[in-house]
Amino acid sequence: MGVIKGRIKEQQVPVSVSEFIKARAYPIGNERDFYSLIGRKVTLNDREIGVFRTSDGGLFALDNVRINPEGIRLTEGIVSRHTVYDPSDDWKIDLETGDVIREAFNITKVQTYRVHNMKGKLYIVVG
């Protein structure tokens, strides 16, 4: 495991990578709590985030928004490969990049977050 050096009170103190990640990561649950191809809503600091597990085991997180005001939230969509599909308006959102494949109401991208798995515990990394 690598070491990141941080400054605390003008001293060089080694900080492990896992401690650095925890400093800006929010716990969201255990790995077994997130099922394949089903979006799950989590709330962080009044922000609703959708967490998705793909059939190949990948974990992705994005803002749980409605692309269309009359449409569904992303966690209610259908997960296929690395996209979430909104069947109400035929829009697809790339889980890796947050790109909206069909532009809607000036939304072309959804904010994404990195999901970190540390010994079966999942964290959303912000920043």
Side-chain angles (χ1 to χ4, degrees):
M1 181 175 290
V3 173
I4 298 172
K5 295 193 176 196
R7 293 183 60 90
I8 299 177
K9 295 184 182 178
E10 300 300 321
Q11 288 180 305
Q12 291 290 345
V13 178
V15 178
S16 71
V17 171
S18 62
E19 290 174 40
F20 176 76
I21 290 171
K22 282 183 184 178
R24 58 189 181 114
Y26 297 91
I28 58 170
N30 294 316
E31 184 178 16
R32 69 178 180 270
D33 298 334
F34 294 84
Y35 302 110
S36 291
L37 306 178
I38 298 174
R40 180 169 171 205
K41 176 181 74 169
V42 296
T43 305
L44 299 178
N45 300 333
D46 298 327
R47 172 170 265 171
E48 202 173 282
I49 296 174
V51 179
F52 302 88
R53 173 177 255 166
T54 57
S55 58
D56 63 1
L59 288 160
F60 301 92
L62 350 107
D63 282 336
N64 192 31
V65 296
R66 293 178 198 268
I67 301 301
N68 177 353
E70 292 85 32
I72 60 174
R73 294 204 174 269
L74 294 183
T75 52
E76 299 165 354
I78 299 167
V79 179
S80 176
R81 294 192 176 114
H82 286 200
T83 60
V84 62
Y85 174 69
D86 178 351
S88 65
D89 290 307
D90 196 31
W91 292 325
K92 296 176 186 167
I93 296 85
D94 186 301
L95 291 171
E96 294 180 51
T97 63
D99 290 336
V100 177
I101 296 170
R102 178 180 165 198
E103 278 190 38
F105 300 98
N106 296 326
I107 297 175
T108 57
K109 197 166 194 75
V110 177
Q111 175 67 47
T112 61
Y113 304 92
R114 192 164 52 98
V115 179
H116 183 73
N117 185 343
M118 188 178 295
K119 298 180 183 175
K121 304 254 187 238
L122 298 181
Y123 298 84
I124 290 182
V125 180
V126 178

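Within the 4.5 Å cutoff, the side chain of F34 has heavy atoms near those of the I28 side chain. The closest side-chain heavy-atom distance from I49 to N64 is not below 4.5 Å.
No continuous path of ILVMFWY side-chain contacts below 4.5 Å connects I78 to V84, so the two sit in separate hydrophobic clusters. Hydrophobic clustering keeps F60 apart from Y85 (ILVMFWY residues linked when any side-chain heavy atoms are closer than 4.5 Å, directly or through intermediates).
Between the side chain of K109 and the backbone N or O of T97, at least one donor-acceptor pair lies under 3.5 Å. Judged purely by atom type and a 3.5 angstrom limit, D86 has no side-chain atom pairing as donor or acceptor with the backbone of G77. Between the side chain of D99 and the backbone N or O of I101, no donor-acceptor pair lies under 3.5 Å.
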Begin from the C-alpha positions of V79 and I38 and carry the test side-chain contact (heavy atoms from CB on, under 4.5 Å) through to its verdict.
-> CA-CA 7 Å; V79 179; I38 298 174; over 6 Å; no
- prompt: Given D33 and L122, is the side-chain contact (heavy atoms from CB on, under 4.5 Å) satisfied, shown in steps?
  reply: CA-CA 10 Å; D33 298 334; L122 298 181; over 6 Å; no
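Atoms CG and CZ, on L95 and F52 in that order, are 6.0 Å from each other to the nearest 0.5 Å.
Among all heavy-atom pairs drawn from Y35 and R53, the shortest one is O-CB, 3.7 Å.
For N117 and Y123, the side-chain atoms include no donor-acceptor pair closer than 3.5 Å.
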